[in-house]
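Labels below follow one simple rule: chain letters A, B, ... track the order of the sequence lines, proteins then strands, and each chain is numbered from 1.
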Amino acid sequence: MEILRELFRDYRFAVGFIFLVVLAILAFLSFFSPYDPVRWLQVPRDLAPSREHILGTNSKGQDVFWEATFAIRNSLIVALIAGFLSRVVAVLVGFLAGYKGGLADRVLMGVADGLLVIPLFLILVMVAMLLRDAMTIVNTGLLLAFFGWAWDARTIRSQILSLREREFTQTSILSGNGTMSLVTKEYLPFTIPLIFSTLISNIAWAIGMEIVLAILGLVRLEIPTLGTMLQWAISYQAMLLGYWWWILTPIVLTIVLLVALYWLSVSVSEYLDPRMRIQRIGVRET
Amino acid sequence: MRFVRDYLIPRLIQYVLVIFFGITAVFLIPRLTGQDPVLEVIAQIQTQGASLDPVAVKSLMESLRELYGLKGTLGEQYLTMWKRIFSLDFGPSLFQFPAPVSMLLRIYLPWTIGLFATSTILAWILGNILGGVAGYFSQKRWSKVLDAVIMLIRPIPHYIFGVILLILFAYLWAIFPAGGLMLGRKAVFNLRFVMTVLRYSFLPALTLVILGGAAWFQQMKLLVQNIKREDFVQYASAGGVKERILISRYVMRNAMLPQVTQLALVLGQVFSGVLMVEMVFSYPGMGLLLYRGVTRGDYNLVMGITVLSIFTITTAVLVLDLLYPLLDPRIRHR
Amino acid sequence: MALLEVRNLTKIFTVGSVFSRLRIRAVDEVSLTVQEGQIFTLAGESGCGKTTTARIILGFEYPTSGEIIYRGKPVQEFLRQKNWFREVQAVFQNPFETFNPLRKVESYFLEAAHNFDLAKNGKTAQDVIEEKLRAVGLSFPEIAGKYPSEFSGGQLQRASIARALLTNPSLLLADEPVSMVDASLRMSIVNLFRNLCDTLGVSVLYITHDLATAYYVSDRIAVMFRGNIVEEGPVEKVLGNPRHPYTRLLLESIPEPDPSKRREERVVVCEEREEYLRAGCKFAGRCPEVGEICVKEVPQNVLLNDVLVRCHKYASKKEV
Amino acid sequence: MSAILRVQDLQTFYVLEVLGTRKVVKAVNGVSLDIHENEVYGIAGESGCGKTTLLRAMFGNIEPPLRHFGGKVLYRMDGEYLDALSLPLHKSREMRFTYIAYVPQGSMSIFNPVSKLRATFMDFLESHVPGTMRKSLLALAEKHLESLGLSARVLDAYPHQLSGGMRQRVSIALATLLRPRVILADEPTTALDVVAQRAVLQLLAAVQKELQNTIVLVTHDMGIHATIATRLGIMYAGKIVEEGYTPDVFASPLHPYTQFLIHSLPRIGDKRVRESAPGNPPSLLHLPPGCPFHPRCPYVLARCREEVPPLLEVTPGHRVACFLREVNHGTA
Amino acid sequence: ELPGGIPREETLIVDQLTGRVGTPSNFNLWAGWRWQDRGLQQLAMEPLWTVDYATGEIIPGLASEMPIYNQDFTQMTVKLREGITWSDGVPITADDVVFTIDLHAQNGNLPYHGPMAEFVSKAYKTDDHTAVVELKKPNSRFHTNFLDRWGCLRIMPKHVFEKVDPVTFEFNPPVSSGPYVLYDYDPAGFWTLWERREDWDKTPTGILYGKPQPKYVLFQAFESAEARILAQLRHELDMAQHTLEGLRAVLEKGNTVRAWRKEWPWVVNIDPCITGIMFNNMVKPYDNREVRWALTLAIDIVDYMAIAFDLMAPVSALHLPPVPAYKEAFFIPMEDWLKNFELDLGNGEKFKPYDPEVPLKLAEAAKKRGYAVPEDPEAIRDLFGLGWWKYAPDVAEKLLKKNGFTRGDDGKWRLPDGSPWKINIVADVNVASHPLRNATAVAEAWRKFGIDVNLSPTEARESLILNGEFEVCDQWPAGEPWGAGVDLSRTFNVWHSSLLTPIGKPVALGPGMAARWANPKLDAIIDKMQVTDPFADIEGTRLLGIEALKVVVEDMPTIPTYGYCGAVAWDEYYWTNYPGAENPYSQPYQHWPNFKYMLPFLQPKKQ
Ligand SMILES: Nc1ncnc2c1ncn2[C@@H]1O[C@H](COP(=O)(O)OP(=O)(O)OP(=O)(O)O)[C@@H](O)[C@H]1O
Ligand SMILES: Nc1ncnc2c1ncn2[C@@H]1O[C@H](COP(=O)(O)OP(=O)(O)OP(=O)(O)O)[C@@H](O)[C@H]1O
Ligand SMILES: [Mg+2]
Ligand SMILES: [Mg+2]
């Protein structure tokens with residue numbers, strides 16, 4: 001609680017947090033939606049925002065607001081699965097390769113490099129095509145997670161490599177810490193800002209990728225996500241026909257989501273670095 | 001010599017293995033997607049009005065399989081593929097039969113390199129410089145404003161951003177063309193040619209530079225904010241070293257190192273952004289070529305492009321790994 | 001039985017990049033023996049390989065060749081055991097690097113107490129820690145909740161010593177443990193070492209530049225120069241009657257805490273790398289008594305009156 | 001002799017706010033010093049008593065969490081005194097290293113890891129002096145390096161290629177590069193063996209002699225103070241407790257802490273047990289009332305527990321902050 | 001900026017439907033698959049005959065008249081026009097015709113090898129302008145191989161092709177029989193530029209309609225709908241086919257842009273294609289006629305049309321596009337039958353599914369949506385079609401229950417074996433395309449009815465459909481008819497039982513065949529059609545068509561929904577007098593081969 005209070009003194013954390021809470025509430029609201037997100041012609045079409053439909057309606061006859069609640073929910077699921085799962089893999093692989101070195105390092109980094117050098121997008125498209133019907137929200141997340149860890153594992157590994165050489169590693173060993181606590185207690189704090197910032201870029205990437213896949217029609221277009229919402233709006237020329245509420249909603253939501261994540265990550269990683277925190281406190285007071 | 005034995009040779013083996021597995025994956029995956037390039041062509045011919053009777057279809061399919069080199073088991077095809085790779089001939093494009101893949105590459109590669117390489121490098125330079133300076137002066141007002149603006153721009157999908165630029169600069173204020181590069185096959189390389197190409201590439205490049213640059217900007221800014229707190233920066237700063245020198249030689253140079261490595265790898269991840277840009281601006285590039293190849297089951301084309309790109313990226317990474325000690329004196333090969 | 005025996009230890013570092021590689025024998029055929037309950041000083045110029053030797057003993061670095069015997073067994077056998085570090089502890093040279101800047105210093109104490117089962121519960125752990133901290137002039141409330149950057153160098157150094165003493169080790173490798181501590185405290189810490197040594201039989205491998213303190217506290221001393229031990233023996237004999245020209249130079253260079261004895265003559269200092277690569281005696285470059293043979297041949301160890309000297313000058317006076 | 005650097009009742013504290021509670025570490029707590037031209041001013045003291053902090057404040061480099069609570073740091077320039085703590089940024093930048101230079105404690109990582117040392121030297125030169133002077137200054141720096149036992153070639157090395165001792169020496173050469181009037185050296189020899197230490201001191205002395213400038217030297221090694229310092233200040237718990245000409249301080253230390261400091265020095269050939277000050281150094285977070293040394297003082301008086309003794313002159317140039325002086329010297 | 005600085009006002013710029021050309025340097029449209037709508041079929045090639053579906057007539061091109069068959073349809077004689085030449089000056093003669101037929105009969109790598117090898121026994125010329133083809137077996141419709149309606153076997157220049165391998169030959173630059181020659185093209189395939197022949201008067205177009213007006217015609221591909229729209233708004237694109245929404249956008253934003261119809265619903269509603277939903281009749285439970293009918297009756301066509309095409313297309317209850325010619329020949333004559341057509345619901349219950357009121361209901365919905373809908377019932381029938389099937393979920397329910405289907409407690413349907421019913425629809429990926437629009441609409445309808453529908457747009461759609469690896473798809477519901485005349489053989493041939501292809505093997509003929517359905521009654525009709533002379537016995541042909549339509553309706557192997565509508569837009573900034581609903585002198589598409597016959601009528605606006 002204390003920590004949260006401290007964090008909330010940073011306006012970026014506060015705003016990011018509030019944004020995220022708002023998005024989470026939106027996502028949660030989807031469970032109470034009066035409309036089925038997949039069905040068409042539930043409301044009159046192409047209505048501008050009004051009291052009845054606060055974000056208007058689209059050409060499919062759906063209420064944009066309620067559709068957006070589903071979209072944000074699903075996109076969050078995709079992004080979180082992709083982000084967290086790939087983080088877990090990246091952290092495990094990075095730590096293992098960096099700390100153990102030797103064969104484990106060679107093999108793991110070989111796999112990571114293999115993933116990195118293949119034009120990832122191409123594979124994504126092919127696998128998305130291969131999975132076809134199986135491109136559910138969860139599977140989309142898993143797929144993105146599968147391709148999203150390699151670079152970050154590499155970065156984490158190199159950080160571990162240099163941390164391994166620092167003297168406090170030995171102090172920790174001398175204090176009787178085993179590999180697990182060494183890694184979690186000594187290295188994790190150093191890598192957390194990195195993990196956070198890669199988490200954010202990974203989530204951003206996942207959301208962007210989902211949008212790209214949607215624009216290419218490679219995910220299930222009926223399931224509302226930020227990407228498919230955008231794709232329908234694009235295909236139905238919402239921009240040129242002046243249905244700005246339709247196209248702007250997913251864009252603004254994407255931006256809000258990423259801004260929130262960005263600020264949260266910046267603020268949290270600053271918080272985790274005592275040097276920076278001290279500086280911040282000093283700066284604020286003088 | 002120990003360097004060769006302990007570092008270079010394992011690294012080279014890794015290089016070869018990565019290429020090998022990458023190519024094998026790219027060989028297998030499209031064959032699993034259920035597309036049959038021959039059927040794809042048959043379907044096209046049917047929509048074209050030709051009435052084929054079943055016997056004819058059968059024989060046509062046979063002869064197409066023969067022509068396309070798709071006869072035989074997967075294993076045989078796999079061998080053929082390696083033979084082709086070693087003879088640097090990827091065979092004909094299946095969907096754009098009989099155009100050889102190598103010819104298609106010759107046509108599109110320069111465009112892609114022209115647009116993509118320049119805009120990536122430009123984005124990299126701009127993003128890093130701005131990010132570096134903004135990170136250094138992160139307490140300043142303008143830096144915060146810039147950060148906010150970029151934060152808002154970065155999440156915009158390439159497609160949307162491209163269309164917005166198109167509407168702004170090719171319609172509302174029509175100073176740039178909406179697409180359709182009119183050079184022709186007899187294009188001569190002269191000033192007009194260059195100007196035309198620049199005019200047509202400007203908006204696509206702008207999209208890539210701004211969106212790409214925004215990502216670099218954010219990364220660089222974070223890096224710089226960390227490096228700014230290192231002892232050597234603090235010391236030099238306390239020692240009255242000029243800010244200009246401090247930013248460029250201390251902060252940026254150190255922050256640049258990870259960015260260099262990433263640049264090489266970004267090459268591998270471009271197709272998505274570039275594809276979208278090519279779509280919006282009808283730009284002749286590899287992204288669309290590849291995408292169509294994938295969706296139409298044009299194995300040869302996909303193979304050609306991916307082999308090329310796997311090879312380039314792997315080599316770039318290898319070269320970078322070998323040269324990295326020159327950039328960062330602290331790194332030793334081990 | 002000797003507690004710790006180092007036999008012919010050699011460590012070669014390769015430095016430089018792909019293009020200009022250089023092999024440095026940072027530790028060169030070093031042998032030494034530390035008995036139980038003994039304070040053994042390792043002195044010598046900076047960069048002569050003292051820290052490296054200590055790190056190899058701890059198992060943080062692998063020797064190029066040579067052996068380390070602890071209680072009659074090669075250390076490799078101990079390295080895998082957790083209890084190794086209950087027996088052997090170390091204080092590192094650079095206090096600013098000793099603790100993770102992102103972690104509170106206290107956590108190392110609490111962890112060590114926990115990991116080595118030093119106390120049955122949190123309260124007794126606190127007492128154990130407090131006791132060790134007191135011994136070095138700190139207290140738990142003083143370190144509680146603070147990150148390393150909030151300490152002064154000397155405070156960190158003392159904290160580091162207290163941490164090392166937590167497990168009551170049999171062997172303490174102390175790498176310049178008091179370099180940033182004022183003279184008065186320095187005395188109380190070396191007195192502490194002496195006490196531990198005398199009462200509990202703790203052995204200390206004391207690495208230092210401060211020869212006066214070394215003289216004050218230790219039983220034996222080895223003087224290193226560019227990877228070699230050039231003179232080794234009981235501290236009174238070595239420092240009281242230095243034989244090797246380098247030992248003499250060292251002693252001469254000690255600044256006397258007496259303003260009335262200000263020296264005027266200048267010292268010559270040679271470049272490190274140059275000396276490492278020198279054939280023959282590495283000190284030849286600045287030895288006032290340098291002879292022809294010194295430049296060409298590597299000197300051998302000579303045992304003189306319980307003192308081992310590595311100098312051509314004494315080659316003829318061999319005892320054994 | 002007039003003071004070139006004058007510290008007046010300086011108070012700089014570390015202000016920490018952890019989870020809402022505010023902690024104040026009174027690292028420099030009312031220090032007044034006059035440092036004269038052409039002298040070596042040694043500072044010794046308890047570890048953690050605020051020496052580094054004092055030097056940082058004298059360098060005018062006060063950054064969070066360190067904050068300035070009062071007092072002045074005055075530089076004398078062209079006969080006028082400028083307050084280093086209220087100079088405009090560009091002005092203080094200009095002065096750094098040309099007027100006042102600083103060798104930080106534990107100066108292991110102060111060099112840019114990716115450029116050669118020569119480049120780092122050039123950066124300082126470029127920032128402070130016009131083109132023509134750079135060459136000669138660099139040549140001088142090379143000479144300094146050589147007298148420190150480093151060939152000028154180390155300038156073509158990267159920092160990580162040097163051992164700690166070498167780096168320390170290079171950082172001293174860097175501090176003397178621009179011929180500053182004042183050099184603040186914070187434990188410049190801790191990582192060095194006695195031979196190298198001697199070379200460093202020789203260099204500092206030579207530079208000082210040549211430039212007729214001032215060196216403020218912090219070290220725990222009383223031997224070094226004895227060897228080089230003109231005057232000596234002893235710090236304890238954020239305050240100067242004794243100050244005087246080096247021979248005077250060594251010969252007749254007045255403050256009980258100084259006495260402990262001097263008497264606890266071991267000597268080769270003498271293995272008698274040395275006593276050090278009893279008890280523990282005080283925490284700067286919670287200073288005891290009155291004289292901060294009183295809990296450890298064998299001669300503690302009643303008033304010591306309540307009043308803070310002022311720093312007063314006892315004999316010419318020799319000042320002490322202790323009520324005992326009245327007992328010992330007051331009558332003399 | 002146009003290539004080589006050619007003047008914009010003399011150039012007609014049109015959109016290329018099939019997108020960027022993959023083989024830009026290859027103009028050999030006889031081998032493999034070529035992007036023939038880059039101007040090859042429209043400008044460079046004159047076929048023997050062309051279908052004009054706007055008028056329902058056949059335009060003789062290189063041929064001077066309709067084909068002449070002998071009595072038993074074993075011989076076809078082609079009379080060629082006189083005074084026509086290839087663009088290199090060589091006259092077009094019967095030699096070219098004979099050469100083309102012979103070559104195709106012999107070379108197995110050419111797509112038209114099949115029919116030529118099957119039927120041609122001998123081809124020869126009797127004089128320079130008369131070619132005779134002897135057939136191995138009777139075929140009253142052999143000439144349709146040469147009848148152009150988006151592709152046919154076109155006549156090759158013998159003097160060019162006799163020297164080369166016809167499969168690998170690039171034919172660059174192409175030698176034209178049509179009124180334009182190649183001027184330049186984009187090596188990346190984005191555009192192809194044609195220039196009017198000096199001797200345009202030596203081409204059938206010139207002879208029939210006079211001088212084509214644009215000196216240059218530029219075919220240009222756009223990769224995104226937005227770019228296409230913006231180009232047209234900038235007057236850089238004269239003729240384009242947009243998505244429906246794209247059309248609305250250009251019409252809204254461009255003040256010089258017009259569409260086929262000047263008022264709502266703007267789109268071209270005379271296209272000879274019918275869209276709809278296809279069942280795989282070899283997959284359970286879609287092999288059951290009553291299930292298919294139940295699924296048809298579960299569709300509320302008003303909602304369906306709103307989703308699929310925003311109510312702008314004419315519905316069709318028959319497997320035929322509701323174009324004017326077919327309305328006359330089939331729809332109106334069959335109305336009574338349709339109204340009386342009954343489904344047997346079991347227990348002696350009957351249900352008449354046809355609903356002639358659908359057009360009115362559609363008009364009502366369109367009015368509600370805010371569109372300017374005419375009041376006149378005839379005009380409404382023009383716009384919305386004649387009628388469709390009733391929305392009768394209750395009847396559908398009965399039919400399903402009769403066949404053992406059940407409804408679960410959740411209201412969802414279960415298959416007779418008790419497992420949940422999930423329909424998987426293989427669909428196109430292009431959101432704006434007619435197929436996916438149909439798929440979306442039907443998915444919506446069936447979901448509403450209580451069936452789980454999985455809409456699965458996939459790039460592998462073509463392969464899956466051809467191989468029969470689908471349950472339901474969004475493919476055209478029936479083979480397209482010719483678009484001219486009353487001969488429906490092209491629509492029904494594909495369903496002859498002899499052609500039934502097992503799942504896993506690709507079907508050979510056009511789209512309808514993928515439904516894998518056959519009916520002995522239809523077999524008989526098809527056999528009869530083969531021996532009915534479509535020229536001499538027009539009425540007989542028409543009646544056979546009606547009989548066939550009845551059989552198909554009864555079985556409903558696929559669901560026809562609405563006639564394809566092209567969302568074309570023309571910019572009248574540089575050119576005017578495009579054909580329009582008010583003046584349908586030609587079909588309106590720039591990608592159809594008839595395009596060349598439109599060009600002489602265009603008028604430059606700026607000169
Ligand atoms: N990891 C390493 N890689 C390369 N060289 C090294 C490494 N560690 C130490 N060295 C070199 O080995 C030599 C001995 O170093 P070491 O740290 O043992 O010296 P030291 O006696 O502890 O010196 P000091 O008194 O300055 O601490 C030095 O020249 C140093 O540069
Ligand atoms: N960044 C910081 N935050 C909080 N407290 C600090 C910080 N830096 C130093 N201190 C505290 O300020 C006091 C003075 O520290 P300083 O580094 O000036 O001591 P010092 O006299 O230089 O000691 P040493 O001789 O050990 O280097 C110490 O008690 C230390 O704990
Ligand atoms: Mg050391
Ligand atoms: Mg200090």
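Pairing each heavy atom of C/Phe116 with each of A/Gly176, the nearest pair is CZ-CA, 3.3 Å.
In this structure, chain A has a heavy atom under 4.5 Å from the side chain of C/Leu58, while its backbone stays farther away. Interface residue C/Phe99: backbone and side-chain heavy atoms are both found under 4.5 Å from chain A. There is no contact between C/Val91 and chain A, counting heavy-atom distances below 4.5 Å.
Here the CD-CZ distance, from A/Glu167 to C/Arg55, works out to 6.5 Å after rounding to the nearest 0.5 Å. C/Arg103 contributes atom CZ, which lies 4.5 Å from atom CD of A/Glu186 (distance to the nearest 0.5 angstrom). With values rounded to the nearest 0.5 angstrom, C/Phe60 atom CZ is found 4.5 Å from A/Ile173 atom CD1. Distance check: A/Thr171 OG1 to C/Glu111 CD gives 11.0 Å after rounding to the nearest 0.5 Å.
Around atom CZ of A/Phe28, no more than 12 heavy atoms belonging to other residues, nucleotides or ligands sit under 6.0 Å away. Summarising the local packing, OH of A/Tyr11 is surrounded by more than 12 heavy atoms from other residues, nucleotides or ligands at distances under 6.0 Å.
Judged by distance alone, the side chain of C/Asn115 and the main-chain N or O of A/Ser175 form a donor-acceptor pair under 3.5 Å. In terms of modelled atom types and a separation under 3.5 Å, the side chain of C/Asn100 and the main chain of A/Phe168 share no donor-acceptor contact.
Here the options are C/Tyr108, C/Phe92, C/Trp84, the test is side chain to side chain contact (heavy atoms under 4.5 Å, CB included), and the partner is A/Leu174; only C/Phe92 passes.
Contact count versus chain A (heavy atoms, under 4.5 Å) is highest, among C/Thr98, C/Val88, C/Thr167, C/Leu166, for C/Thr98.
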